[in-house]
Amino acid sequence: MTDTRPTPVDDLPTAYDPAGVEQRLYADWESSGLFHAEPDDPGEPFAIVLPPPNVTGALHVGHALYITEDAMVRHARMTGHNAVWVPGMDHAGISTQTVVERELATEGLTRHDLGRDAFIERVWAWVEEYGGQILNQLRRLGFSLDWEREAFTFDEPRSRAVTEVFVTLHEQGLLYRGNRLISWCPQCMTALSDIEVDHVETAGTLTRFVYPWVDQEPGRDGVTGIAVATTRPETMLGDTAIAVHPDDERYASVVGRTVRHPFLDRTIPVIADDWVDPEFGSGAVKITPAHDPNDFAMAERHDLPAISVIDPDATMNGEAGRFAGMDRFDAREAVVTALDESGLLLDREDYTHQVGTCSRTGDVVEPLLSDQWFLEVRPLADKALAAVEAGDTRVLPPRLQKFFVEWLENLHDWCVSRQIWWGHRIPAWYCGDDHVTVARDTPDACRECGSTDLRQDDDVLDTWFSSQLWPFTVFGWEKPGDVTPELQTWYPNSVLETGYDINTFWVSRMLQIGLWFLDDVPFTTIWNHGLVRDGQGKKMSKSFGNVIDPLEFIESHGADALRLALFQHCSPGTDVPLSPDWVEGARRFLNKLFNTIRFALLNLDGTTPGELPDDAELGLADRWILSRLEVARAAVDDAYGPWDWARMSTALYHFTWDELADWYLEAAKVVLYGDDEDAKSTTRAVLARVLDDLLRLWHPLIPFVTEELWRHLTGATGGRDSLMVQEWPSARTTVDPDVEAEFAVVVDLVTEVRRFRSLNDVAPSRRFPLVVSSTRADLLSDHVDLVTALAGLESISFVEEITERPGTSTIVFGAGEAQVELAGLIDVAAERARLERELDTARGLLERSRAKLANEQFVARAPADVVAAERDREASQERSIAELRRQVDALDELL
RNA sequence: GGGCGCGUAGCUCAGUGGGAGAGCGCUGCCUUCACACGGCAGAGGCCGCAGGUUCGAAACCUGCCGCGCCCA
């Protein structure tokens with residue numbers, strides 16, 4: 001049983017220590033069922049599904065940005081929504097298989113040694129043992145996930161859905177098997193989808209060589225052939241054409257002629273195609289349909305044969321003639337040497353170009369012809385396009401909408417099969433005649449020929465094929481037509497929050513498949529956060545050694561500090577630089593917040609948050625802080641619209657530290673340490689009320705510290721008596737500009753006195769009397785105690801007008817002047833020098849105002865209030881200058 | 001090659017037409033009874049460059065330079 005009772009006030013330490021607090025509170029929240037929601041719970045539905053982290057994953061800072069989802073869900077709960085946030089994991093096909101294979105390798109085994117079934121069992125065992133780690137790490141961040149709804153992309157319900165979707169799409173004629181050019185990773189030994197291929201700028205070599213005319217011998221004078229250029233000479237073994245641009249006059253006479261392959265018994269035609277860029281290289285391009293996507297497309301247009309010369313293991317095959325058996329890169333050099341020896345090599349030059357690499361292994365991707373399963377995406381993408389363009393799904397930040405549209409418009413069919421074992425096995429069976437039977441359950445006989453000798457497809461589906469179903473499979477969807485209470489309530493999801501880097505992989509696919517099968521968008525808003533970078537704004541990467549482990553921050557500063565540091569930087573759509581300094585700073589803030597509450601608890605004398613006292617009883621500082629609270633509250637509410645976390649954090653940070661702690665608490669001390677009991681109880685009531693609202697406003701961002709402090713403040717006992725489920729604050733008062741202006745008079749005078757003190761090296765403990773002349777003397781005399789305390793004065797007296805005397809200094813503030821006896825208080829020469837500097841500044845400002853007002857265009861065309869403000873500025877600078885002069889003169893008499 | 005974004009204090013970033021802001025860092029003073037993880041005060045910016053629009057530009061337009069990302 002967890003003890004959830006708060007520490008007695010007297011035992012509160014002087015500094016906040018998150019250790020212990022966070023894990024205790026999380027356990028309390030979870031065991032009290034506060035994270036769980038049911039479809040028939042009251043309130044407007046609000047749903048987010050957690051982008052499922054890889055089962056192989058460990059927590060990294062990218063996951064830390066899930067805090068934005070947590071804040072959305074917590075805010076939704078407090079505003080009365082029926083809010084659910086569903087956790088789960090992704091089985092991450094290739095990654096997980098690789099991890100387990102690596103483990104096997106340490107035992108000297110490969111997956112083939114174990115065989116398919118035993119290997120899969122081994123992976124499951126691994127998942128059981130290590131797979132849940134990341135979910136526990138997510139708990140450390142305080143995430144209010146509905147753990148009772150945890151799902152896995154490879155569990156049984158999700159797997160049934162995958163099979164249903166595959167079979168249905170096949171029935172609809174959209175999923176087909178074809179021999180097509182795909183991107184192949186020789187290291188993973190599997191096909192990749194387009195987006196698993198990174199284009200990396202690479203220093204390579206451009207090789208130019210000549211294909212000799214079939215009727216001419218090489219080496220003779222005159223035109224003996226046609227020159228081509230390539231960065232991959234080994235592919236020339238698979239060349240089946242040479243293409244030139246139809247309008248290229250240089251080649252007009254050679255289209256239709258034939259060249260002879262120098263190393264193979266093959267002749268190659270010269271064809272014309274306007275895809276060719278006549279400006280590039282010689283203007284003639286070698287065409288290798290089996291190893292280049294553009295060439296493949298051209299081969300289809302011209303009905304050219306496609307000859308594969310490279311095998312899946314990246315060695316040259318039998319079609320490569322004498323180069324057969326060589327590694328592709330060895331073959332590259334060997335071909336160049338052979339060309340040279342044949343006198344066909346023209347030259348080689350350094351050439352930087354983009355090379356497709358496997359995003360997982362970094363190995364150079366080989367375009368290969370292969371039998372694979374493809375999804376015809378056009379019909380799905382068109383539906384998604386229409387939804388995005390109709391605004392059924394809102395893309396935030398808006399500029400990213402263009403990317404969605406562009407990407408959906410240019411989609412190629414999706415290669416969904418993968419030559420690995422860990423994943424959803426493709427529900428297709430082949431008979432001896434290679435007839436295909438696609439079925440939900442293992443079929444008894446071939447649908448075409450009745451053969452009972454069936455073999456299931458060895459391949460599994462791309463992991464994204466299952467994760468695209470996530471927004472509805474987590475709510476019980478297993479087949480078309482399924483309607484569960486959860487789906488009725490929470491589909492479409494409210495928000496899909498993720499980094500913009502997986503929009504193509506994942507987000508747009510959910511959009512397409514969700515619309516296709518449920519006829520509705522999977523989420524009404526797509527919210528893209530930026531990527532977490534290091535303190536210098538660099539992308540975090542292992543090779544830079546700048547990767548930050550969020551758990552380290554949680555250990556040292558607490559999860560709230562990490563969360564706050566991230567929120568403070570998290571503006572819509574921009575990347576988030578995170579440096580240890582920020583987390584440190586956030587922790588200091590939390591300590592400040594903690595001590596604000598601690599101060600209150602030591603002085604509230606048992607007062608707990610309740611109704612505010614009657615207006616008539618409120619003092620100036622009370623009215624002021626309530627007005628400022630309303631400003632902050634409204635700013636936070638505004639910022640929840642666009643989820644502008646940085647603005648939200650800044651508004652609350654500023655209110656908490658610069659207004660509440662720096663001014664209101666100091667003002668409250670004057671009352672609380674005084675002897676007016678009525679005033680004390682008013683102050684206590686206001687303080688308790690403001691702190692309660694403040695903790696609620698902070699809670700979605702920093703849930704632990706606010707919950708802990710709120711329990712202290714209110715005496716709440718935990719369990720369902722939790723800040724997590726309290727009502728979101730609404731306006732207590734209206735913003736009162738008059739009160740704010742009045743308090744500003746006090747603040748202004750106090751600040752000017754402090755400035756005088758600081759600039760003249762007058763110790764804070766040194767009290768002195770002040771003579772004040774002010775247009776707001778009435779106001780100030782009502783708050784003599786306040787001003788005296790905050791400015792550290794001995795006394796204040798009021799006069800109609802300050803009389804300049806030698807040996808005094810005049811402090812100018814907005815609503816008047818104040819006079820200080822200098823004798824024994826200041827260094828006269830230093831003060832004089834300071835005044836001269838101020839004079840310079842004031843003269844400069846006056847000059848600017850005068851120049852502006854002398855401009856007839858300005859006076860005539862600018863709005864009247866702007867001109868009036870400028871005249872005020874001019875007058876006020878004139879007054880300042882006159883006053884500063886008087887002060888300098890007064891000091892001169894002392895010297 | 002196409003597209004998008006960025007360039008503001010030493011660093012990281014807010015700021016979308018009317019006197020430059022924050023956090024951290026820096027300087028000085030202060031261990032005053034919530035907090036030294038603190039308080040008070042201060043220094044520090046041709047707002048990338050050049051044109052243009054405007055009475056007025058960090059902001060709007062054009063060009064250039066530099067950096068980053070995505071796509072081909």
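Computed over heavy atoms, backbone and side chain alike; hydrogens, waters and symmetry mates excluded. Quick note on labels: first sequence line is chain A, next is B, and so on, each numbered from 1.
Following rounding to the nearest Å, A:Arg766 (CZ) and B:A41 (P) show an atom-to-atom distance of 20 Å. The distance from atom CD1 of A:Ile597 to atom P of B:C37 is 20 Å, rounded to the nearest whole Å. Between the OH atom of A:Tyr16 and the C1' atom of B:A36 there is a distance of 20 Å, given to the nearest Å. With rounding to whole Å, A:Glu406 atom CD is found 9 Å from B:C4 atom P. Atom P of nucleotide B:U12 and atom CZ of A:Phe567 are separated by 23 Å, given to the nearest angstrom. Between the CG atom of A:Asn528 and the C1' atom of B:C69 there is a distance of 14 Å, rounded to whole Å. Atom-to-atom, CG of A:Leu660 to C1' of B:C35 comes out at 13 Å; the value is rounded to the nearest Å. If you measure from atom CG of A:Leu687 to atom C1' of B:A34, you get 11 Å, rounded to the nearest angstrom.
Checked by atom type and distance alone, the side chain of A:Arg757 pairs as donor or acceptor with a backbone atom of A:Ala763 at under 3.5 Å. Here the side chain of A:Arg598 pairs no donor or acceptor atom with the backbone of A:Tyr16 at under 3.5 angstrom. Under the 3.5 Å distance criterion, the side-chain polar atoms of A:Ser758 are left unmatched by any main-chain donor or acceptor of A:Arg754. At least one donor-acceptor pair closer than 3.5 Å links the side chain of A:Asn595 to the backbone N or O of A:Asn591.
The shortest distance between the side-chain N/O atoms of A:Arg755 and the OP1/OP2 oxygens of B:G42 is below 4.0 Å.
When the nucleotides B:A34, B:A41, B:U12 are ranked by their closest atom to the side chain of A:Arg754, B:A41 comes out on top. Looking at the side chain of A:Thr751, the nearest of the listed nucleotides B:A41, B:C40, B:C37 is B:A41. For A:Asn591, taking side-chain heavy atoms from C-beta onward, the closest of the listed nucleotides B:C35, B:G18, B:C40 is B:C35. For A:Thr14, whose side chain is taken as the heavy atoms from C-beta onward, the closest listed nucleotide among B:C35, B:U12, B:A41 is B:C35.
On the C1' atoms, B:G52 is 33 Å away from B:U12, given to the nearest whole Å. B:G5 and B:G10 are spaced 27 Å apart, taking the P atom of each and rounding to whole Å. Taking the P atoms as reference points, B:C49 lies 15 Å from B:C11, given to the whole Å. Atom P of B:G3 sits at a distance of 13 Å from the matching atom of B:C64, rounded to the whole Å. Comparing B:U53 with B:A57, their C1' atoms sit 10 Å apart, to the nearest whole Å. Taking atom P on both B:A9 and B:A22, the two are 14 Å apart, rounded to the nearest angstrom. B:G45 and B:U8 have their C1' atoms separated by 8 Å, given to the nearest Å. Nucleotides B:U27 and B:C61 are separated by 43 Å at their C1' atoms, to the nearest Å.
Shown here, B:A43 forms no base pair; nothing in the strands shown gives a Watson-Crick or G-U wobble contact with both key distances under 3.5 Å. Pairing of B:G7, defined by two Watson-Crick or G-U wobble distances under 3.5 Å, is identified with B:C65. Under the Watson-Crick and G-U wobble criteria, each requiring two contacts below 3.5 Å, nucleotide B:G25 is left unpaired. Remark: B:G1 base-pairs with B:C71; criterion is Watson-Crick or G-U wobble with both hydrogen-bond distances under 3.5 Å. Using the Watson-Crick or G-U wobble rule with both distances under 3.5 Å, B:G38 pairs with B:C30. Partner assigned to B:G18 is B:C55, using Watson-Crick or G-U wobble distances below 3.5 angstrom.
Across all strands, A:Ala15 comes closer than 4.0 Å to base atoms (heavy-atom distances). Across all strands, A:Asn603 comes closer than 4.0 Å to no nucleic acid atom at all (heavy-atom distances). When heavy atoms are screened at a 4.0 angstrom cut-off, A:Ala860 is found touching no nucleic acid atom at all. Within the 4.0 angstrom heavy-atom criterion, no nucleotide atom of any strand lies near A:Glu752. Using a 4.0 Å heavy-atom distance criterion, A:His654 is classed as making no nucleic acid contact. Residue A:Leu665 is in base contact, counting any heavy-atom pair closer than 4.0 Å across all strands shown.
Below 30°, between 30° and 60°, or above 60°: for A:Trp464 and A:Trp506 the angle between ring planes is between 30° and 60°, a tilted geometry. Using the six-membered ring where Trp is involved, A:Phe589 and A:Tyr653 have ring planes that are parallel, under 30° apart on the 30 and 60° scheme.
Side-chain N/O atoms of A:Asp622 and A:Tyr664 include a donor and acceptor closer than 3.5 Å.
Residues A:Arg871 and A:Glu874 are not paired through a salt bridge, judged by the lack of any N-O separation under 4.0 Å between the basic side chain and the carboxylate.
Of all non-hydrogen atoms in A:Leu566 and A:Ala64, the two that sit nearest each other are CD1-CB, 3.7 Å.
To the nearest 0.5 Å, atom CG of residue A:Leu652 and atom CG of residue A:Leu629 are 9.5 Å apart.
Between A:Asn855 and A:Arg587, the residue whose closest nucleotide on RNA chain B is further toward the 5' end is A:Arg587. When each of A:Asn595 and A:His569 is assigned the nucleotide of RNA chain B bearing its nearest heavy atom, the one mapping closer to the 5' terminus is A:His569.
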Treating primed atoms plus P, OP1 and OP2 as sugar-phosphate and everything else as base, which nucleotides of nucleotides 22-33 of chain B get B, S or - for protein heavy atoms under 4.0 Å? -BS---B-----
